[in-house]
Amino acid sequence: MLDLLYRRRSIRKYKPEKLDAQTVQVLLKAALLSPSSRGFQPWQFVAVDDSEILTQLASSKKGAGFLKDAALGIVILADPSKSDVWVEDASIAATILHLTSESLGLGSCWIQIRERQFSESETAEQYVRRILYIPDNLKVASIISIGYPDQSKSPYLDGDLGFDKVHINKYGSKY
Ligand SMILES: Cc1cc2nc3c(=O)[nH]c(=O)nc-3n(C[C@H](O)[C@H](O)[C@H](O)COP(=O)(O)O)c2cc1C
């Protein structure tokens, strides 16, 4: 696990290869296995592999353009009426998808949708909802773009870790 965490990076360049159905299913199983507060599982997922729809989603905000070249985008939705901590639950599912992608030799990147803008008059969430016909009761948290990596990034080193942010027993008592 720690090796995977050192290696994990946000990958935004993808090869044109598509993912096979079994790989997509493994990713979806991983997301559905995520822990959630009180086991309420307030999430829903839209797995998008249609390149036209991926291209539309790539315009949902600045900093999402690379989604058009991904093999898959998994849109993470949540129902706030099912859990008051849906943001945390949706974030955990996003992280599990990101880490599972790495474990399968895939590259992936989190695309933040919640609290982001498509334009001055439309939020990124409203835009994604419009493109994917998502009902109004569901929030759009994020999209995880996934594909075979077409860039390599250095793994993290111990020197990158910022142990100065760790305190022992009480704040200010350095590790
Ligand atoms: C909550 C969250 C939101 C993020 N949103 C975006 C995003 O919208 N677009 C993007 O390209 N990367 C996004 N990222 C990826 C971060 O930019 C990336 O994790 C960070 O720069 C560290 O790089 P690394 O993942 O390679 O370690 C997001 C990451 C997190 C955790």
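Along the sequence shown, the residues carry numbers beginning at 1. Order of listing sets the numbers, starting from 1, for every ligand and every atom in it.
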### Task
Would you check, one step at a time, whether the test ring pair (Phe, Tyr, Trp, His ring centres under 6.0 Å) holds for Tyr156 with Tyr6?
CA-CA 5 Å; Tyr156 283 101; Tyr6 276 99; 8.1 Å; no

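- Here Arg7 pairs with Glu102 in a salt bridge; the nearest charged N to carboxylate O distance falls below 4.0 Å.
- Within the 4.5 Å cutoff, no side-chain heavy atoms of Pro149 are placed close to those of Tyr14.
- Asp136 and Arg129 get closest at one heavy-atom pair: OD1-CD, 3.4 Å.
- With contacts defined as side-chain heavy-atom distances shorter than 4.5 Å, the pair Ile111/Leu57 does not qualify.
- The backbone N or O of Ala78 sits nowhere less than 3.5 Å from a side-chain atom of Gln44 that would complete a donor-acceptor pair.
- Protein residues with a heavy atom closer than 4.0 Å to ligand 1 are Arg8, Arg9, Ser10, Arg12, Lys61, Gly63, Phe66, Cys109, Trp110, Ile111, Gln112, Tyr156, listed by chain and number.
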